Amino acid sequence: MAEKLNDRYNSSDVETRIYQWWESSGFFKAQDQSTKPPFSIILPPPNVTGSLHMGHALDHTIQDLLIRWKRMCGFNAMWLPGTDHAGIATQMVVERELKKENLSRHQLGREKFEERIWQWKNQYGDRITNQMRRLGDSCDWDRNTFTLDEGVSKAVRKVFVSLFKKGWIYRGQRLVNWSGPLETAISDLEVEHKQIKGALYHINYPLEDGSGFLTVATTRPETLLGDTAVCVHPEDERYQHLIGKNVILPLIKRKIKIIADVYVDKEFGSGVVKITPAHDFNDYKIGKTHHLEMINILNKKTELNENAGPYKGMKVAEARKKVIEDLKSLQLLVKEEPHLHSVGHCSRSGAVVEPFLSEQWFVKTEMLAVPAKRAVESGTIRFEPESWTKVYLHWMNIIEDWCISRQLWWGHRIPAWFCEDCEHLNVAEIAPDHCEKCQSKKIKQDSDVLDTWFSSGLWPFSTMGWPEDTETQKTFYPTNTLVTGHDIIFFWVARMIMLGLEFKKDVPFRTVYIHGLVRDSQGQKMSKSSGNVIDPVEMIDKHGADALRFTLLAHLHSGKDLKFSEQRLEGYRNFMNKIWNAARFALTHLEDFTAPKEGSKAVPARSEISVFDQWILFKLDEVEKKIEENFEKERYSDAANALYHFIWYEFCDWYIELIKPILGGNNPQERAATQLVLAQVMNRFIRLLHPFCPFISEEIYQKLPIKNKACIIDQYPNVRIDKDLLALGSAQAGLEIDLVKEVITAIRNIRGENRLSPALKMKARFGVADEMTQKILGNNKTAIMTLARLDEFTVGDDGNLSKCAVTQVVLKGASVKVILPLEGHVNFDEEIKRIQKTIEKLQKDIGQLTQKLSNEKFVANADPDVITADRALLAQSKQQIASLHEALIRFES
RNA sequence: GCGAUCUUAGCUCAGUUGGUAGAGUACUUGCAUGACAUGCAAGGUGUCACAGGUUCGAGUCCUGUAGAUCGCACCA
């Protein structure tokens, strides 16, 4: 017995209830051991204290689409959720909170501060996972993992120790990106390059022998204090004679050497470069090759230190001003010209990033990169879209060692202990209580934590119980698809590949599906500062999660950014309402329908069902094929749009309208047969819809007469399964209904163009030559009369065409002359205009076709099928135009 | 500077082996029609960025130009 539905779809009534039911019923759970084939996805873990943004919404919708689709296709589908501790981001959030209490983390102390962050995590950590539930994410929540969970920590320590013992993790003094406000090294990912209008200062460095000056050009005069050489091009004639001599560094009067290196561009500036190895990445390299002294002039807060002499204690910007002033007063500043250059900024604090010499931990990437490159080159891992392969390989080719230490308090502590007695470094998975070398008890753990991406890099297996040998890994590693944005290919994807191959001896995933950014309707990046952020949760509140999901999926085009507008979302909200009302219609007419015992396997005999039924089943077969194809080709928007088209334009606009007379008619057998087909078609397209729009589909599904326990775990309709029902659809019925549709549309067109009221019943005649077409029209008399609003229907000769509107309908060999007497209804000018317009269009077509077909080369070279088709089209057009001319004459007479 | 992607209707975008350009949306007109006005019906809309080339035929393939976006490197 079918149930009733409200007359308007209200998503908020439905979503929470359905989600709770799914979750409490255990439908999201995957089995570690199962006879079903595995399919697994790991969720890119969002920041634990963050909240869901549009980027997540897109990312998660794609993953949930895949998981629900595979689950319904009979896979043991496992979507592993989790959250990231997000070192810097979270620490900053909590520090901001402290600031409100006029406290700093230093005042609080490390232990208390960590406690505060845990408090914060416990308070807000559920927010994002609850928002994910709002979106419909069908994750296996029992497997929810936090990157600081004990299991993950164990994996982190194991990996660290293992790489250290192999010599692939080392500690050393190196130049790193340093954020002054955060007092930590940061990764390249956290550096944003911005174009800045600066100045190029030309400064005279006096030659030691007093014979003159060497002019250097620099954008950062304050780093002069750390100069340990000046450099020219070895072949630069201007300076060749000076190579090997010395200059006196202005202001602090240090004697430094003039060296030569091909790195210098003779054309740029003065052709002389000052070398500050401790504060510039290029200078650092030159410093290394030329064995130069490295003088650090900054402290951790990026203030000038004792090496800067009189400038000690100043901020960088301050020091720059003062240095320029002092140079001016010494008349050593030659000139200052405006100069546009890009400057690295800390993406978290906004401060200018300083290259800073410090003791850090690094991962040697050279050897890790080799198999990681090969995995992609050989196709074991595939990027979609494929163009990202090149980007990935390029980066892997220029990969540098990875700075993994951060001077933060929130994250995985580096498992290394220094011995205060013998200075030995103890690296161990379990905290030692004495130095392994000298047995001293005076050991101290390194105060640094690991880069967040270090633990994220292990995510595909650390979440599955590694280093224990678990069933989870046996079943689900490697995972199938990784869905993510291109912004973290290097920082996350590449590292997962390297670490997965090193520690699991297998790739972490087979396919990397890269999607674009969600932008605003103008194509601008959404950002707090431009105030154009659209909150997905707010959109869900207003229009429903299904509408949001469908909007994102329908506009997802192979890795391209997508522009999001609420207006478009409303369009898909309307689609949800349309589906709802179609279901309402169907259920009303299925009230007295009882599902057969075989449920969705129940199939009527072909002889029992109408041509409309055969037609809709034919269309259903088509759309199922299209959806499956597009899923396989990873063209999810095409799948979504095919479904949209079927539901709205085939099922709602035509099928429902065509069967209304049968459902409301007085032939119980016909009616029962149509009811069965209607129930079956509903059952199938609701299942087809489920991965896209899980909530509305489940809600309707539960009220359908033909159903199983739950849509979410029912079988996904598939062209190879339940073949019997789809076999009832026929191409012949397809053609027949297409012709009926054309005829109805032709009549509606005449009415529309002549502005005839839909309430006005008309009389129509149909001029048909062949018997077959005559029969088709006869069989569909009721449908045509109802949908075209006729009160008279005659099939046969043309009859008297005087004062009649005439349209020739031609379709695959069938030809119908639709004749509508207009006498008394209209002033004929409109109709004459309508016919003339059609004639003009036909004439244009005929002209083009004739020209083409009279081209000998075309006839000689073109595909014979193309020629045949064109000839047929030409003949048809000529026939149509003749008939229209005739009509026009009759009309005017 | 190197590389990638892109430029199609007012807007957002499809267009998969070359064969008369499509969809959604917006727009115009008409409409209370027993599922739905979040609806129904009908309608108009294009130098496919530009310039060449290959071909009987190019939105599609090739070359160049311009513009947009994004990477990478450099910016002393």
Side-chain angles (χ1 to χ4, degrees), chain A residues 5 7-9 193 195-196 198 200-201 216-220 223 230-231 263-265 268-276 280 282-283 286 339-343 385 387-388 390-391 394-395 398 486-487 489-490 516-517 521 523 543 547 554-555 557-565 567-568 570-589 633 635 637-638 641 644-645 648 652-653 656-657 660 664 744-745 748-759 787 789 844-845 848-849 852 855-863 865-867 869-870 873:
Chain A
L5 300 175
D7 64 348
R8 192 177 274 205
Y9 177 59
H193 290 270
Q195 289 289 326
I196 298 288
L200 192 61
Y201 301 92
V216 304
T218 180
T219 54
R220 303 195 49 195
T223 61
V230 291
C231 189
Y263 153 75
V264 177
D265 177 358
F268 189 90
S270 59
V272 186
V273 184
K274 59 193 266 320
I275 304 297
T276 323
D280 182 282
N282 288 306
D283 294 7
I286 294 187
H339 183 65
L340 194 69
H341 62 150
S342 83
V343 177
S387 55
W388 291 108
K390 245 183 138 172
V391 178
H394 172 69
W395 189 71
I398 57 163
H486 54 74
D487 47 340
I489 290 179
F490 309 144
L517 233 60
S521 59
H543 308 295
H555 290 94
H557 295 299
S558 176
K560 280 191 233 166
D561 289 354
L562 74 88
K563 291 174 196 165
F564 184 91
S565 82
Q567 196 186 13
R568 235 168 287 145
E570 282 170 16
Y572 289 105
R573 188 268 326 261
N574 295 352
F575 178 47
M576 296 306 125
N577 197 53
K578 186 78 183 172
I579 295 167
W580 187 254
N581 277 292
R584 220 156 61 84
F585 168 86
L587 293 176
T588 315
H589 289 89
K633 286 193 285 188
R635 300 187 57 127
S637 61
D638 286 353
N641 290 323
Y644 180 95
H645 190 270
W648 203 316
C652 292
D653 283 355
I656 285 184
E657 296 305 326
K660 272 179 182 171
I744 293 167
T745 304
R748 285 171 172 173
N749 176 297
I750 294 167
R751 303 182 80 119
E753 296 281 281
N754 287 293
R755 298 201 182 82
L756 290 168
S757 159
L787 298 189
R789 305 191 145 253
K844 210 176 123 197
D845 290 353
Q848 278 177 0
L849 283 167
K852 200 162 143 191
N855 180 343
E856 279 171 36
K857 284 182 177 168
F858 171 70
V859 180
N861 293 310
D863 184 335
D865 290 348
V866 172
I867 299 174
D870 280 350
L873 194 59

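Atoms considered below: every heavy atom in the structure, side chains included; atoms not considered: hydrogens, waters and symmetry mates. A quick note: this is a predicted structure, and the numbers were derived from the prediction, not measured. First the proteins, then the strands, lettered A, B, ... as listed; each starts at 1.
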[X] near the nucleic acid: base, sugar-phosphate alone, or nothing, with a heavy-atom cut-off under 4.0 Å?
X	value
Cys652(A)	base
Lys390(A)	sugar-phosphate
Arg789(A)	base
Lys660(A)	base
Arg748(A)	sugar-phosphate
Asp283(A)	nothing
Glu856(A)	nothing
Leu873(A)	base
Thr745(A)	sugar-phosphate
Arg220(A)	nothing

Selected nucleotide, minimal atom distance to [X] side chain, candidates [options]:
X	options	answer
Arg635(A)	G43(B), G15(B), G71(B)	G15(B)
Lys852(A)	U16(B), A35(B), G19(B)	G19(B)
Ile656(A)	U16(B), A35(B), A41(B)	A35(B)
Gln848(A)	U20(B), A35(B), A4(B)	U20(B)
Asn574(A)	A4(B), U38(B), C40(B)	U38(B)

Please measure how far the [atom1] atom in [N] lies from the corresponding atom in [M], and state the result in whole Å.
N	M	atom1	answer
U5(B)	A58(B)	P	25 Å
C72(B)	U55(B)	C1'	39 Å
G10(B)	U54(B)	C1'	36 Å

On the nucleotide [N], are OP1 or OP2 found under 4.0 Å from the side-chain N or O atoms that [X] carries?
X	N	result
Asn749(A)	G43(B)	yes
Arg8(A)	U38(B)	yes
Lys560(A)	A4(B)	no

Next on the checklist: Only Watson-Crick and G-U wobble pairs with both distances less than 3.5 Å should count. Give RNA chain B in dot-bracket notation, marking inter-strand partners with |.
Outcome noted: (((((((..((((.....[..)))).(((((.......))))).....(((((..]....))))))))))))....

Checklist entry - Without hydrogens or angle criteria, can the side chains of Lys274(A) and Thr276(A) be said to hold a donor-acceptor pair below 3.5 Å? => result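 Per modelled atom types, Lys274(A) and Thr276(A) side chains form a pair under 3.5 Å.
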
Checklist outcome for this item: Those residues at least two apart in sequence (or on a different chain) that pass side chain to side chain contact (heavy atoms under 4.5 Å, CB included) with Arg751(A) are Ile747(A), Leu756(A), Leu760(A), Met762(A), Arg789(A)

Item to check | Residues in side chain to side chain contact (heavy atoms under 4.5 Å, CB included) contact with His589(A), at least two apart in sequence or another chain | outcome: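 With neighbours one apart ignored, the set is Phe585(A), Leu663(A).
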
Item to check | Most 5' of His557(A) and Asp845(A) on RNA chain B, judged by nearest nucleotide | outcome: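 First, find each residue's nearest nucleotide; the 5'-ward one identifies His557(A).
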
Between N or O atoms, less than 3.5 Å apart, protein on one side and nucleotides 24-32 of chain B on the other: list the pairs.
residue	atom	partner	partner atom	Å
G24(B)	OP1	Tyr649(A)	OH	3.2

Next on the checklist: Which residues pass the side chain to side chain donor-acceptor pair (under 3.5 Å) test with Asp638(A), not counting sequence neighbours?
Outcome noted: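 Partners of Asp638(A) by the side chain to side chain donor-acceptor pair (under 3.5 Å) criterion, ordered by chain and then number, come out as Arg635(A).
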
Checklist entry - Between His557(A) and His555(A), what is the ring plane arrangement, given parallel below 30°, perpendicular above 60°, and tilted in between? => result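 If you compare the ring of His557(A) with that of His555(A), the planes turn out perpendicular.
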
Give each protein N/O atom lying under 3.5 Å from an N/O atom of nucleotides 54-60 of chain B, with the pair distance.
residue	atom	partner	partner atom	Å
C56(B)	O2'	Asn855(A)	ND2	2.9

Checklist outcome for this item: When Phe575(A), Trp580(A), Tyr572(A) are each screened for ring pair (Phe, Tyr, Trp, His ring centres under 6.0 Å) with Tyr9(A), the one that passes is Trp580(A)

